[in-house]
Amino acid sequence: MKKRLHDVLKTVVEKLGVPSPEIVIELPREESFGDLATPVAMSLSKILKKPPRKIAEDIAGAIEEKEIFEKIDIAGPGFINFTFSKAYLHSELRKIITDGPAILRENIGKGKRIQIEFVSANPTGPLHLGHGRGAAFGAALANLLTAGGYKVEREYYINDAGKQVLLLGKSVFARYMHLCGAGEYAFPDDGYRGDYIEDVAKEFKKEVGKKYCHSALKESPQQGIIAAQEFAYGKMLDIIKKDLGEFGVLFDTWQSERELYKSSDVTKAIEDLRSHGHIFEKDGATWFRSTDFGDDKDRVLVKQDGEYTYFTSDIAYHRKKIEKKFDELIDIWGADHHGYIPRVQAVIQALGYPKESLRVLLVQMVSLLRGGKPVQMSKRTGEFVSLREVIAEVGADTAKFIFLTRRSDSHLEFDLEVAKAQSAENPVFYVQYANARINSIFANAKTKGFDTGGLEDTDLGLLSAQEEVRIIKKLLSYPIIFEGAVIAHEPHRITFFLQEIAGMFHPYYHKYKVVTDDIRLTGARLSLCEAIRVVIKDGFEILGLSAPERM
RNA sequence: GCGCCUGUAGCUCAGUUGGAUAGAGCAACUGCCUUCUAAGCAGUAGGCCAGAGGUUCGAAUCCUCUCAGGCGCGCCA
C-alpha cells in the first residue's frame, strides 16, 4: 500500500521538477482524513517557492493512476490525503490470504548480517526479572530483524572467569564445609547467600563426597574451592539455559570469557592496542588511554597485582566480535551498565572502527511490586525473586507481553498481582482470545459444511460493512508498522498493533455473524478472519508469544 | 558535583523520529450471555503532555534552564 503510493508520488514530484525528492508517507491521525497522507507539499514549498496548498493541488492533479484511489483530498496546511478504492483494498487483502505473512514483511535488512548479544547474566545465580526483560526484548528484536530480512546471530557472553565465579565457588564451598560437619568455616563476607547455594552445595557433596572435607582444608582450601567453583558454575549455567529455554529464548552461540584467555585473545587484544600506541604503564599497572576517544578517564587493563580487569577481556571480546565482520553489532545491556558504553566505544575506535559499529541498546530497570508494594531484590543477600518464580506465578506469555508493551528504555513497574489477575487486565489474553475465537469460527464453519480450505475464490467485494473496511485497512497498514519497528529496533510497536487489531475484531465478531446461510458472504467473511489470523500469528511469532487454539 | 534514562488521564503505558482536534488498557459508573467462546461487547467520565523560555508554517516530540524520580561515576564484575 505504502510502497505503491510512494512510487506514484515519486513519479509525479519528479515531473514537477524536483530530481530525487524525499517523500514522507504516514498514517493519518484521524481515519476520516484517509488511508495514507503525505506532507510532501509542505516540505517542497521552500524549494519550489510556492504555497504548500498550491503544490498539493499540482501533485494531486498530476497523478495518473487514479483507479487505485477512491479520493484524493488536500487538507489543513497542505496535506495530501489518499483514500484507496475498495477494489484495490480487496486485491491487497487477497494477497495476505494467498501469500501469507511474507507479503507483510518489508525486506529491510536485505540479507545483512547482524549479531545481537543479550542476557549474558553472570553464571553465579538464577536469572531474575531484569534478565527476563532483556531476554524477552532481545529475542523479540532478533525475531523482528530476522523477519525484516536480516541474518541474525544470537549470542550469550558467559562471564565464567574472574572474581564473581570464584566467589560463587567460595560460597558453595563454605556451605559444603558446613554440610559435611567440618566445624567452623567462615562464609565469605560478600558471598552469595541465596537458597540455591545450599542446593548446589548439597549436589556438590553428593558428587565429591567428603573428599575436600578434612579439617586440614580449612587452612588451605584452594583445591576444594576450585572444585566447588567448577561444579557450581556449570550447574548455574545449566539452570540459566534451562530457564531461558522454558521462556522460549534460544541462542545460536555461547561465547565463554575463559576461552578468550585460553586462546590468547586477551593478550593479543592488548598487543593490538599497544601497537597502535593506546597503551601506557603507570603506578605498576597497564592502562588503556580511552580518554583519546571520549571516555572521561583512562582504564586499567592489568592491575598492580598482575591480574586482568573485567574490561580487558571485554576488549578482547568486542575485538573478536568486530573481526567477524557483521554488518551491525548490537549489545543489549541493563541500564545500570550505561556508564560502560563510552569505554567500549573507545575500544572500537582505538581498533580503527567507527563507534557506530556497535549499537548498545539499554533495557531499563524493572521494579517488582506485589499489590503496589515493592518486593526487595538483592542478589547479595539472596532475597530476590527469580525469573522462574515469576513465570510460575504469572505465566510466560503474560510476562513477555508486559515486557513487550513498553519501550525497552522506559522504567518498568511489574506488579505480580496485576499481572496475575485472570481478567482483561492482561491484554495478552485479549489478543490471544481473538485468535482463539477465529479458530472456533472456522471450526463452526467446517461443521456446517463450508470448505474452509478454499478461500482463494471468495468474493471479497461483499466485505462492504464499515467495520470490514476498517479492518482491511488496518491489516494493510501492518507492513508500515512492521517497517517502523524494524528500523527503530522497537518490537513493542508490533505488540500495540496486535492489540488494535484485536480491538477491531472483537466488536466485529459481536455485531456480525460470520457463518450464516449466505454462502458467498460467509466465504468473504471467513477470508477476512483468515487474514486477521495470519497477521496475529505473524506478530505473535515475532514477539515469542503462544497462540492457543482454544481458550 | 558530573553523566545517562524517565516525567503524558486516578494507575500502568503508547504517541509512527517535527505534523492535523491528545491515545489505549486498567480502575470508576450504566447496560448486554436461548445466537460462531462474556478472557467479550455497547456507552459515560477522565488532560496546564512536570514547569519556564526558545527554534518554525507547525512542538508531547528538537534546544536551554528549573523541579522530581531512577541508574551510573573502582586497579569490582
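In what follows, chains are A, B, ... by sequence order, proteins preceding strands, each numbered from 1.
Listed nucleotides: C75(B), A20(B), U6(B). Nearest to the side chain of D409(A): U6(B). For M42(A), whose side chain is taken as the heavy atoms from C-beta onward, the closest listed nucleotide among G25(B), A77(B), G19(B) is G19(B). Set against G19(B), C75(B), G40(B), the side chain of Y430(A) has G40(B) as its closest nucleotide.
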What N/O pairs connect the protein and nucleotides 29-33 of chain B at under 3.5 Å? Give each pair on its own line.
none

Look for any protein N or O under 3.5 Å of an N or O in nucleotides 61-63 of chain B and output each such pair with its distance, or none.
none

What's touching nucleotides 10-14 of chain B from the protein side, N or O pairs under 3.5 Å?
residue : atom : partner : partner atom : Å
U12(B)  : O2'  : R406(A) : NH2          : 2.2
C13(B)  : OP1  : H411(A) : O            : 3.1
C13(B)  : OP1  : E413(A) : N            : 2.8
C13(B)  : O5'  : R406(A) : NE           : 3.3
C13(B)  : O2'  : T405(A) : O            : 3.2
A14(B)  : OP1  : R407(A) : N            : 2.5
A14(B)  : OP1  : S410(A) : OG           : 3.0
A14(B)  : O3'  : H492(A) : NE2          : 3.4

Could you pull out the protein-nucleic contacts involving nucleotides 44-46 of chain B (nitrogen or oxygen on both sides, under 3.5 Å)?
none

Dot-bracket notation for RNA chain B is requested: 5' to 3', Watson-Crick or G-U wobble pairs only, both distances under 3.5 Å, with ( ), [ ], | and . as defined.
(((((((..((((.....[...)))).(((((.......))))).....(((((..]....))))))))))))....

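Near RNA chain B, meaning a heavy atom under 4.0 Å from it, residues 292-300 of chain A has K297(A), V300(A) in order of number.
Salt-bridge annotation for E230(A) and R258(A): present, with a side-chain N of the basic residue lying under 4.0 Å from a carboxylate O of the acidic one. Between R193(A) and D190(A), no side-chain nitrogen of the basic residue sits less than 4.0 Å from a carboxylate oxygen of the acidic one, so the salt-bridge criterion is not met. Between E393(A) and R370(A) there is a salt bridge, since a side-chain N of the basic residue sits under 4.0 Å from a carboxylate O of the acidic one.
As judged by a 4.0 angstrom heavy-atom cut-off over every strand, A488(A) is placed among the base-contacting residues. Within the nucleic acid shown, F311(A) has no heavy atom closer than 4.0 Å to any nucleic acid atom.
Legend: residues meeting side-chain hydrogen bond (donor to acceptor under 3.5 Å, both in side chains) with R4(A), ordered by chain and number and at least two apart, are absent. By the ring pair (Phe, Tyr, Trp, His ring centres under 6.0 Å) test, Y157(A) pairs with Y317(A), sequence neighbours left out. The ring pair (Phe, Tyr, Trp, His ring centres under 6.0 Å) search around F33(A) returns none, not counting sequence neighbours. Residues meeting the salt bridge (Lys or Arg N to Asp or Glu O under 4.0 Å) test with R343(A), sequence neighbours left out: none. Every residue two or more places apart in sequence or in another chain that forms a ring pair (Phe, Tyr, Trp, His ring centres under 6.0 Å) with Y508(A) is listed here: Y512(A).
Taking the six-membered ring for Trp, Y261(A) and Y308(A) have ring centres closer than 6.0 Å. Ring pair H492(A)/F403(A): centre-to-centre distance not below 6.0 Å.
Screening residues 475-485 of chain A for side chain to side chain donor-acceptor pair (under 3.5 Å), with sequence neighbours left out, gives K2(A)-E483(A), Y478(A)-D538(A).
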